[in-house]
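Only heavy atoms go into these numbers, but all of them, side chains included; no hydrogens, no water, no symmetry mates. Quantities reported herein were computed from a predicted structural model and do not represent experimental measurements.
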Amino acid sequence: MRSRGLAGFICALVCAISFAATGFAQEATSRAAAGKLVELKVSAPALKGNLLGDPAEQTVAVYLPPSYDTSPAKRFPTLYLLHGFTANNKAWTGGGYQGMNLQSSMDEMIRSGKVREMIVVMPNGWNVYRGAFYTNSKVTGNWEDYIYHDLVQHIDANYRTIARPESRGIAGHSMGGYGAMTLAMKHPDVFSAVYALSPCCLGMEADMTSENPAWLKTIRLTSKEQLKAKPESLDEFFEIAFVALSAAFSPNPERPPFLVDFPYHEREGRLEQNENIVAKWRSKMPLYMVDENKENLFKLRGIFIDYGQKEEFSHIRISSQLFSKALAERNVPHMFEVYEGGNHGNKIRERMETRVL
């Protein structure tokens with residue numbers, strides 16, 4: 001009896017130790033499976049001297065995957081992720097898209113094997129006009145140069161990236177989708193794949209044109225103070241957007257108060273085109289940049305465009321379709337999807353987690 005009792009006690013002790021060890025191992029694995037989010041300031045020489053007074057040192061959030069600290073010899077591919085108009089980079093990390101926290105999303109998808117480990121870089125694109133559109137401008141500064149040159153160089157110099165275009169992708173939503181597509185098609189020597197979610201401003205179509213009554217209200221503005229801090233209607237939103245787009249696409253440092261040229265002017269209560277300004281806008285829009293960047297587009301390893309079936313902005317629906325058609329006519333491989341149940345922003349987290357990442 002004593003022998004069997006002792007044997008039972010030893011067996012129970014071994015089992016207890018085994019379960020404890022397993023528990024500790026699982027806890028350690030759980031801790032090890034967590035990545036981390038780093039927030040930093042990056043020097044942006046391309047933005048120095050901009051006429052809006054935006055800082056030449058920009059905030060950037062960087063997600064580092066779980067094994068970044070535990071495998072010091074390992075290098076990682078990098079995704080550059082661009083946010084939309086009136087937002088900042090905290091849209092990805094602070095609940096801006098259906099409560100999205102990119103760190104938690106990435107950790108979970110890496111744990112479940114849905115995605116490979118990667119570094120995710122989320123720059124700020126907010127400026128005085130609430131969105132720089134990631135393009136070069138005499139007024140807002142050279143945001144395109146900041147993203148593809150200043151920022152990429154800084155990240156490659158300070159983190160263990162795989163520093164080659166095949167290992168860099170770029171994606172974004174709305175304004176960020178426009179920026180991602182433009183940067184990718186102009187700089188395939190930096191980025192090799194692009195995903196544009198509900199990309200704005202691909203073309204001068206539909207509600208981007210004089211068909212939109214907000215244009216008349218916009219060109220009648222006489223001061224920056226008239227721009228609403230929190231727009232309460234679509235017209236008020238468009239007024240802010242049209243000023244910001246004009247600062248990005250048709251800047252004019254000699255024309256206060258906004259330092260822009262608008263693509264329309266008013267004559268007897270009606271809008272008429274300023275042809276040379278419309279041409280400047282079109283020169284910045286991917287739909288009309290396809291031929292000049294055809295060889296670059298063929299260098300990209302992946303081109304993805306989508307928008308939701310209930311997309312509110314008509315130019316996004318029409319321009320995305322026309323852009324996909326232009327690519328198809330030139331035999332440029334790409335994927336284009338209109339997904340069910342989505343409007344401009346209500347399924348961005350889902351799309352990020354099931355498609356983009």
Side-chain angles (χ1 to χ4, degrees), residues 81-102 104-105 109 122 125-126 129-134 170-182 194-209 211-215 217-218 227-245 285-287 303-325 327 334-357:
L81 189 54
L82 310 181
H83 64 78
F85 187 63
T86 74
N88 59 33
N89 58 354
K90 289 189 183 298
W92 303 114
T93 62
Y97 291 109
Q98 296 79 54
M100 183 174 186
N101 179 316
L102 184 121
S104 299
S105 294
M109 286 187 289
M122 293 155 281
W126 165 281
Y129 285 148
R130 293 168 232 183
F133 290 88
Y134 309 101
I170 188 165
H173 170 244
S174 193
M175 176 183 83
Y178 161 81
M181 187 59 68
T182 305
V194 56
Y195 200 121
L197 295 139
S198 307
C200 82
C201 318
L202 296 186
M204 194 78 170
E205 306 290 335
D207 56 15
M208 288 285 281
T209 70
E211 295 175 13
N212 190 332
W215 263 121
K217 296 178 181 179
T218 302
L227 296 173
K228 297 293 181 67
K230 294 183 178 180
E232 297 176 358
S233 68
L234 199 55
D235 274 3
E236 289 179 356
F237 171 84
F238 270 118
E239 289 172 24
I240 299 167
F242 286 156
V243 169
L245 279 163
M285 293 176 157
L287 178 57
I303 302 171
F304 305 84
I305 311 131
D306 73 19
Y307 67 82
Q309 205 171 40
K310 299 177 181 179
E311 172 62 57
E312 300 93 328
F313 296 102
S314 57
H315 82 274
I316 290 179
R317 299 192 303 269
I318 293 170
S319 295
S320 296
Q321 292 172 25
L322 291 174
F323 185 64
S324 174
K325 182 172 181 284
L327 296 181
H334 69 288
M335 293 184 69
F336 172 55
E337 181 182 359
V338 180
Y339 55 90
E340 291 186 6
N343 61 27
H344 187 62
N346 70 334
K347 288 188 176 291
I348 299 305
R349 176 179 177 177
E350 178 183 320
R351 300 300 290 181
M352 285 293 301
E353 294 176 347
T354 61
R355 293 290 193 279
V356 180
L357 293 168

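Of the inter-residue distances, the one linking Ile348 atom CD1 with Ser198 atom OG reads 4.5 Å to the nearest 0.5 angstrom. To the nearest 0.5 Å, atom CG of residue Leu197 and atom OH of residue Tyr307 are 14.0 Å apart. Atoms CG and OG1, from Leu227 and Thr218 in turn, are 8.5 Å apart once rounded to the nearest 0.5 Å. Interatomic distance, CD1 of Ile316 versus CE of Met208, reported as 9.0 Å (0.5 Å rounding). Rounding to the nearest 0.5 angstrom, the gap separating the CZ atom in Phe313 from the CG atom in Asn343 is 9.5 Å. Interatomic distance, Glu353 CD to Ser105 OG, rounded to the nearest 0.5 Å: 3.5 Å.
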>> Would Lys228 and Ser233 count as a side-chain contact (heavy atoms from CB on, under 4.5 Å) here? Give the steps.
In response: CA-CA 10 Å; Lys228 297 293 181 67; Ser233 68; over 6 Å; no
> Under the side-chain contact (heavy atoms from CB on, under 4.5 Å) criterion, do His315 and Asn212 qualify, and how do the steps go?
Replying inline: CA-CA 11 Å; His315 82 274; Asn212 190 332; over 6 Å; no
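The two residues Ile240 and Tyr129 come nearest to each other via the heavy atoms CG2-O, 4.1 Å. The shortest non-hydrogen separation linking Ser324 to His334 is OG-NE2, 2.8 Å. In terms of heavy-atom proximity, Ser174 sits nearest to His344 at OG-NE2, 2.9 Å. Minimum heavy-atom separation, Tyr178 to Pro199: N-CB, 3.9 Å. Here the shortest heavy-atom pairing between Ala206 and Ser314 reads CB-OG, 3.1 Å. In this structure, Asp235 and Pro213 approach most closely via the heavy-atom pair OD1-CG, 4.5 Å.
Side-chain N or O atoms of Asn89 include one that pairs as donor or acceptor with a backbone N or O of Met122 at under 3.5 Å. Checked by atom type and distance alone, the side chain of Glu311 never pairs as donor or acceptor with a backbone atom of Arg317 at under 3.5 Å. Judged by distance alone, with hydrogens and angles left aside, the side-chain atoms of His83 form no donor-acceptor pair with the main-chain N or O of Lys90 at under 3.5 Å. At least one donor-acceptor pair closer than 3.5 Å links the side chain of Gln98 to the backbone N or O of Arg349.
In the model, Glu205 has no side-chain atom that pairs as donor or acceptor with a side-chain atom of Ser319 under 3.5 Å.
Proximity of Asp207 to Leu234: side-chain heavy atoms (C-beta onward) are nowhere separated by under 4.5 Å. Looking at Pro286 and Met181, their side chains come closer than 4.5 Å, going by heavy atoms from C-beta outward. Inter-residue side-chain proximity for Lys310 and Asn346 is flagged as unmet; no heavy-atom pair is nearer than 4.5 Å.
Glu350 meets the salt bridge (Lys or Arg N to Asp or Glu O under 4.0 Å) test with Lys347; sequence neighbours excluded. Qualifying side-chain hydrogen bond (donor to acceptor under 3.5 Å, both in side chains) partners for Arg130, counting only residues two or more places apart in sequence or in other chains: none. A search for ring-ring contact (aromatic ring centres under 6.0 Å, His included) contacts involving Phe304 returns Tyr195, not counting sequence neighbours. In this view, Tyr97 and Trp92, His173 satisfy the ring-ring contact (aromatic ring centres under 6.0 Å, His included) rule, not counting sequence neighbours. Not counting sequence neighbours, the partners of Phe133 by the ring-ring contact (aromatic ring centres under 6.0 Å, His included) test are Phe85. With sequence neighbours excluded, the residues that form a ring-ring contact (aromatic ring centres under 6.0 Å, His included) with Trp215 are Phe242, Tyr264, Trp281.
Classification of Asp306 and Arg355 as a salt-bridged pair fails, no side-chain N sitting under 4.0 Å from a carboxylate O.
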